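Source: prediction; values computed, not measured. Below, chains carry the letters A, B, ... as their sequence lines are ordered, and counting in each starts from 1.
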Amino acid sequence: MNLQDEINQLNPMQKKAVLNTEGPMLVLAGAGSGKTRVITVRTAHLLNLGTSPENVLAVTFTNKSAQEMKRRVSSLLGRGNSKGRLMVSTFHSLCLSILRHNAKHIGYKNNFSIFDTSDQLSVIRNILSDIKFVDKNFKADAILEKISLMKNTDPINHKNPLSNHDPLYDVLEILYPRYVETTQTLNAMDFDDLIVNTIKLFKTNPDILEKYCNKYRYIMVDEYQDTNTVQYQLIKQLAHPRENLCVVGDDDQSVYAWRGANPGNILNFERDYPDAVVIPLEQNYRSTGNILTVANTVIKNNKKRMEKTLWTDKGLGAKVYIMKASDEVDEAQWTAQRISTLALEKTIPYESFAIMYRANIFSKLFEAELRNLKIPYTVIGGTSYFDRKEIRDIIAYLKLIANTDDAVSLLRIANIPRRGLGNTTINQLKEHADANNIQLFNAFEASNNPHAVEFTELIAHYRDIFSSGKDMRMAMASLIKEIDYNEYIYSLYKSNTIALKRIENVTGFIDTIERFCGDGTILLPELLERLALNDNPYETKEESVGVTLISLHSAKGLEFPVVFISGVEDGIIPHKKSVVVTGGIEEERRLFYVGVTRAMNILFLTYTSFRKKYGKSSPSFTSEFINELPKSAIMYVNRNEDNAMEDDQTVKAHMERIRKILG
DNA sequence: GAATCACGCATTTTT
DNA sequence: TGCGTGATTC
């Protein structure tokens with residue numbers, strides 16, 4: 001299908017958004033309203049009008065959506081067309097590429113490292129121990145969260161986000177500058193720094209900013225409701241003065257305030273850009289009528305939102321089913337049984353089902369019950385492959401090889417595998433480095449400890465090997481062999497099976513790396529960037545197998561024919577801890593709304609009478625959101641006479657549709 | 001440096 | 001309840 005046909009098929013609002021290419025525009029894209037389609041067709045249209053692809057910048061939050069967007073734009077324009085020159089990028093990778101070219105202007109070397117969360121935690125723990133600050137009430141991860149919030153809200157004026165009654169307030173006043181100083185000394189940036197430092201770069205070097213402003217004449221931002229204050233500032237800087245800025249988002253799906261997202265960015269768009277055109281997309285192409293009625297009714301209870309009502313021409317469809325289980329085991333069994341029945345009797349593929357929950361911990365019981373019934377499933381989220389100790393160790397080697405100033409990586413692996421560099425020796429070296437104001441690595445080099453010197457020689461040797469651009473796999477394999485990492489793993493774990501598994505992980509990691517590299521060879525710094533930003537341009541998108549188990553947060557952006565939202569109980573949704581913080585009950589309601597609007601044809605809401613919490617069973621109470629549901633669109637299903645659905649002709653008709661859709 | 005134990009804590013997560 | 005951390009001990 002060519003572009004013009006594609007445009008002709010859009011609904012009037014979508015078409016308006018696509019054809020309006022100049023000036024600021026807010027596309028208020030309701031759930032399932034064809035948002036991605038609008039963005040991609042709009043981009044293709046822009047290019048088709050003669051705009052050069054290098055003058056267009058599209059910003060997303062995840063690499064996955066960036067890749068998806070590139071793919072769709074290039075398929076709209078036909079092959080060989082501009083895919084490579086079009087800048088579709090995440091906030092972080094955009095900033096990273098800007099900073100790599102301009103590192104010296106903000107006091108960094110261009111081989112700066114990117115620190116992930118665990119690197120950040122190490123920095124904080126080191127500072128705490130340096131200043132001999134011991135207080136169990138101040139945990140590194142709580143401090144980190146606040147530091148991140150501080151950076152994301154007001155990095156330049158160092159505005160403390162806490163009230164001065166908060167016990168963490170004073171700690172943060174001391175730690176924040178120290179943390180910033182330390183990371184800079186280590187020639188490292190954390191994820192927040194990537195954005196913050198870009199803003200600073202632009203503030204202090206208007207000429208550099210101007211260059212980028214001239215380059216990016218048309219800017220699009222996806223998921224605008226998730227932008228935080230610094231991302232907002234960045235976009236504002238870049239869009240000036242043309243303001244050909246198209247932001248797309250849905251304030252009702254803003255569920256990341258707790259990590260700094262500022263829904264005010266979308267709510268205030270018209271105030272910030274007075275000439276803005278606002279286009280609401282309210283026709284929903286995903287869900288049937290009753291599901292949308294439930295979604296609309298619930299979300300209307302939020303006060304701070306932009307008014308919109310989703311509608312569909314699909315008809316009412318099945319009612320939203322509500323199941324009250326006796327306890328969490330019953331809930332999981334019931335859900336698994338329902339899936340089994342629907343799958344077998346109505347021949348719905350398992351891939352059409354999703355079970356959603358507020359917290360990943362809840363996946364356990366569902367997994368067990370699905371296993372019981374031999375139903376295949378995929379759990380999304382949880383701890384990442386890259387968080388494993390053995391993978392982190394190897395990555396620490398690579399990071400140190402790429403940036404010897406990275407003392408966090410250095411300290412991680414100085415004695416892994418053991419090479420006679422115990423705590424005492426390392427502390428002496430640290431003191432020596434501090435006293436002489438030199439990098440720790442240089443203190444190792446200059447030390448009269450042969451182990452320390454040998455270690456730096458090893459790193460230097462591999463620095464040469466990796467920078468020569470030789471085969472990455474060979475270099476890695478040889479490094480792992482030279483340090484005898486496998487032997488170390490065997491010595492670490494008593495059980496051979498566990499040790500073998502860990503070793504397999506390391507081998508698997510080398511394979512993963514190869515996939516990150518694609519056909520061509522890339523150098524170590526680029527590999528590390530891709531690893532840090534989780535950006536694998538060669539990853540083949542694999543269809544997940546079986547029933548999807550997923551948190552409500554992770555489900556944003558996805559859709560499934562049949563959805564179960566579990567644990568719709570007071571304290572879970574809304575979560576007891578969320579009610580008192582940033583987003584409060586309204587954000588919880590949005591999260592629930594996100595879950596509801598994932599469902600295409602059938603939606604179940606489940607909750608319990610009793611639930612085991614921390615080992616002991618206590619009564620659970622229905623979520624207030626259940627009470628907000630419109631009576632006309634819902635139907636209660638009883639455990640003992642669980643046959644209501646089978647008699648429901650609408651369900652049969654809709655199952656028929658699902659089968660058709662899925663071929 | 002390793003093994004053991006007690007204690008405390010317990011959303012959401014991408015980059 | 002169950003895991004991860006940190007202290008304690010050998």
Identify the pairs formed between an N or O of the protein and an N or O of nucleotides 1-4 of chain C at a distance under 3.5 Å, and give each distance.
from: C/dT1; atom 1: O4'; to: A/Gly615; atom 2: N; distance (Å): 3.4

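- Within the cation-pi definition used here (under 6.0 Å to the ring centroid, within 45° of the axis), A/Arg259 qualifies as a partner of A/Tyr256.
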Output one line per pair: protein atom, nucleotide atom from nucleotides 13-15 of chain B, and distance, for all N/O pairs under 3.5 Å.
from: B/dT13; atom 1: OP1; to: A/Ser551; atom 2: OG; distance (Å): 2.6
from: B/dT13; atom 1: OP1; to: A/Ser554; atom 2: OG; distance (Å): 3.0
from: B/dT13; atom 1: OP2; to: A/Asn360; atom 2: ND2; distance (Å): 2.9
from: B/dT13; atom 1: O4'; to: A/Arg259; atom 2: NH1; distance (Å): 3.4
from: B/dT15; atom 1: OP1; to: A/Asn63; atom 2: N; distance (Å): 3.0
from: B/dT15; atom 1: OP2; to: A/Asn534; atom 2: ND2; distance (Å): 3.1

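- You'll find the ring centres of A/Tyr485 and A/Tyr488 inside the 6.0 Å limit.
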Distances for protein N or O near nucleotides 8-10 of chain C N or O, under 3.5 Å:
none

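- Not counting sequence neighbours, A/Asn536 has no partner by the side-chain hydrogen bond (donor to acceptor under 3.5 Å, both in side chains) test.
- Aromatic pair A/Phe353/A/Phe560: centroids not less than 6.0 angstrom apart.
- Residue A/Leu245 holds its CG atom at 10.0 Å from CE of A/Met220, rounded to the nearest 0.5 Å.
- Contacts of A/Thr60 classified as side-chain hydrogen bond (donor to acceptor under 3.5 Å, both in side chains), with partners at least two apart in sequence or in another chain: none.
- Counting to the nearest Å, the C1' atom of B/dT12 and the CD1 atom of A/Ile573 are 11 Å from each other.
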A/Asn301 and A/Glu628: CA distance, side-chain angles, deciding distance, side chain to side chain donor-acceptor pair (under 3.5 Å) verdict: CA-CA 8 Å; A/Asn301 292 316; A/Glu628 296 175 7; 2.8 Å; yes
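- For A/Phe564, the ring-ring contact (aromatic ring centres under 6.0 Å, His included) criterion is met by A/Phe604, not counting sequence neighbours.
- Within the 4.0 angstrom heavy-atom criterion, only backbone atoms of the sugar-phosphate kind lie near A/Asn415; the bases stay farther away.
- A/Arg611 forms a cation-pi arrangement with A/Phe362, by the criterion of a distance under 6.0 Å to the ring centre and an angle within 45° of the ring axis.
- Both the sub-6.0 Å distance and the 45° axial angle are not jointly satisfied by A/Arg100 relative to the ring of A/Tyr108.
- In terms of phosphate contacts, A/Arg418 brings a side-chain nitrogen or oxygen within less than 4.0 Å of OP1 or OP2 of B/dA2.
- Between the side chain of A/Asn187 and the backbone N or O of A/Lys109, at least one donor-acceptor pair lies under 3.5 Å.
- Distance noted for atom P between B/dT12 and C/dT5: 16 Å (whole Å).
- B/dA10 atom C1' lies 17 Å from atom OH of A/Tyr357, rounded to whole Å.
- Here B/dT11 presents its P atom at 12 Å from CG of A/Asp141, a figure rounded to the nearest Å.
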